[in-house]
Amino acid sequence: MKIDIICVGHLKEKYLKEAVLEYSKRLSRYVKLNIIELDDEKTPDEASLKEEEIIKAKEAQRIMKHINNDAYVISLEIDGVQLDSVALSKHLNNLGVLGKSNIQFVIGGSLGIGEEVIKRADYHLSFSKMTFPHQLMRVFLLEQIYRSFRIMKNEPYHK
């Protein structure tokens with residue numbers, strides 16, 4: 001299975017980079033992982049809703065250039081479906097059973113994900129109704145993917 005994490009924005013903090021490297025290393029036992037970092041648009045202070053939509057649309061265009069036609073796309077959205085770790089593991093396992101060997105997760109920028117990507121996504125996942133920094137979300141996602149594979153393989157870790 002191949003998993004791409006397409007993210008808007010670059011990690012700047014050393015501790016986040018180290019966490020991403022650690023989970024990437026752990027995941028290498030289970031999947032071929034590729035992290036694609038895209039530039040984010042600068043959002044002016046006091047941006048209007050129209051300006052925010054334009055920014056999300058520009059970021060969405062960048063994201064769409066990396067989405068494969070045959071990929072199963074999972075967008076991370078505040079209004080998506082909330083799953084517990086076991087349910088996420090089952091979902092990923094079912095995708096493999098169905099022959100979906102290329103899964104692409106999308107983490108938008110600080111304003112969220114543009115409409116073009118939302119329409120293309122096959123599944124909309126939410127980690128919480130709370131708002132998290134999109135850089136930190138990358139670590140959360142990698143940890144949950146790793147946890148999912150440990151659960152699938154019935155290996156200790158998830159409790």
Side-chain angles (χ1 to χ4, degrees), residues 3-27 31 33-68 71-92 94-95 100 102-151 157-159:
I3 293 181
D4 296 328
I5 312 287
I6 303 170
C7 2
V8 175
H10 301 276
L11 292 181
K12 296 170 186 73
E13 293 84 0
K14 183 179 176 186
Y15 66 95
L16 292 175
K17 288 179 183 179
E18 289 172 354
V20 166
L21 284 173
E22 177 62 27
Y23 283 109
S24 297
K25 184 176 97 179
R26 291 181 186 194
L27 274 165
V31 297
L33 178 69
N34 186 31
I35 298 174
I36 302 164
E37 288 186 326
L38 305 175
D39 292 337
D40 57 346
E41 288 291 314
K42 302 303 174 225
T43 304
D45 293 336
E46 308 297 324
S48 68
L49 288 176
K50 183 173 176 68
E51 288 173 311
E52 288 182 357
E53 288 303 316
I54 290 169
I55 289 168
K56 287 196 298 187
K58 286 180 181 178
E59 291 174 348
Q61 288 175 349
R62 287 189 194 116
I63 292 167
M64 291 301 293
K65 289 179 183 174
H66 295 277
I67 291 181
N68 300 327
Y72 185 88
V73 178
I74 300 174
S75 58
L76 273 64
E77 303 172 40
I78 201 163
D79 292 324
V81 177
Q82 292 185 19
L83 302 174
D84 64 22
S85 297
V86 173
L88 178 60
S89 178
K90 287 179 182 175
H91 186 68
L92 293 177
N94 288 341
L95 291 175
K100 304 286 185 187
N102 183 9
I103 300 171
Q104 294 185 300
F105 288 89
V106 177
I107 302 171
S110 60
L111 298 175
I113 296 177
E115 195 61 34
E116 185 178 6
V117 177
I118 291 170
K119 287 180 181 173
R120 169 56 182 88
D122 298 293
Y123 195 82
H124 310 274
L125 180 64
S126 173
F127 274 50
S128 173
K129 292 293 183 190
M130 294 181 198
T131 302
F132 297 108
H134 58 281
Q135 294 92 346
L136 192 55
M137 202 62 234
R138 192 177 317 179
V139 177
F140 290 164
L141 175 61
L142 287 168
E143 191 281 334
Q144 284 299 302
I145 294 170
Y146 174 69
R147 183 180 298 270
S148 291
F149 279 93
R150 299 289 292 193
I151 292 168
Y157 173 75
H158 74 283
K159 296 184 181 195

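Bear in mind the structure is a predicted one, so any value in this text is a computation, not a measurement. Atoms considered below: every heavy atom in the structure, side chains included; atoms not considered: hydrogens, waters and symmetry mates.
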**Request:** State, to 0.1 Å, how close Val106 and Ile67 come at their nearest heavy-atom pair, and which atoms those are.
**Result:** CG2-CD1, 4.3 Å
**Message:** Quick check on side-chain contact (heavy atoms from CB on, under 4.5 Å): which of Met64, Glu77, Glu59 does Val117 satisfy it with?
**Reply:** Met64
**Ser75 OG to His124 NE2 distance, which is reported to the nearest 0.5 Å** = 5.0 Å
**Item:** Worked check of side-chain contact (heavy atoms from CB on, under 4.5 Å) between His66 and Asp4
**Value:** CA-CA 9 Å; His66 295 277; Asp4 296 328; over 6 Å; no
**Prompt:** Between atom CD1 of Ile55 and atom OG1 of Thr43, what is the distance when rounded to the nearest 0.5 Å?
**Reply:** 3.5 Å
**Prompt:** Are the side chains of Arg62 and Glu41 in touch, meaning some heavy atoms are under 4.5 Å apart?
**Reply:** yes
**Message:** Check whether Glu37 reaches the backbone of Leu11 with its side chain - one donor and one acceptor, N or O, closer than 3.5 Å.
**Reply:** yes
**Request:** Just jot down the salt bridge (Lys or Arg N to Asp or Glu O under 4.0 Å) partners of Glu51, sequence neighbours excluded, or say none.
**Result:** none
**Item:** side-chain contact (heavy atoms from CB on, under 4.5 Å) partner of Ile145, chosen from Ile3, Ile103, Leu33
**Value:** Ile3
**Asked** Nearest 0.5 Å, what's the OG-CD distance between Ser110 and Glu52?
**Response** 8.5 Å
**Asked** Crowded around Lys129 NZ? As in, over 12 foreign heavy atoms under 6.0 Å?
**Response** yes
**Sidechain-backbone polar pair: Asp84 side chain, Val86 backbone, donor-acceptor under 3.5 Å** = yes
**Message:** Is it the case that the side chain of Glu143 and the backbone of Ala19 share a donor-acceptor pair, with hydrogens and angles ignored and the cut-off at 3.5 Å?
**Reply:** no
**Request:** Verify the distance criterion only: is there a donor paired with an acceptor across the side chains of Asp40 and His10 at less than 3.5 Å?
**Result:** no
**Request:** Measure from the side-chain N and O atoms of Gln104 to the backbone N and O of Ile6, and report whether any donor-acceptor pair falls under 3.5 Å.
**Result:** no
**Prompt:** Where is the tightest heavy-atom contact between Gln135 and Leu16, given as atom of each residue plus distance?
**Reply:** CB-CD1, 3.8 Å
**Message:** Could you measure the distance from the CD1 atom of Ile107 to the CZ atom of Phe132? Nearest 0.5 Å is fine.
**Reply:** 12.5 Å
**Prompt:** Sub-3.5 Å donor-acceptor pair from the side chain of Arg138 to the main-chain atoms of Val20, do we have one?
**Reply:** no
**Complete:** Heavy atoms of Ala60 and Gly114 approach each other most closely as CB-CA, 3.9 Å
**Request:** Run the salt-bridge test on Arg26 and Glu22 with the 4.0 Å N-O cut-off and return the result as yes or no.
**Result:** yes
**Salt-bridge present (Arg120, Glu116; N to O < 4.0 Å)** = no
**Prompt:** Atom CD1 in Ile74, atom CD1 in Ile5: separation rounded to 0.5 Å?
**Reply:** 9.0 Å
**Prompt:** Between Ser148 (side chain) and Gln144 (backbone), is there a donor-acceptor pair under 3.5 Å?
**Reply:** yes
**Fill in**
Checking Ile78, Leu141, Leu83 against Phe127 for side-chain contact (heavy atoms from CB on, under 4.5 Å), the one that qualifies is Leu141
**Asked** How long is the span from the OH atom in Tyr72 to the CG atom in Leu92, to the nearest 0.5 Å?
**Response** 9.0 Å
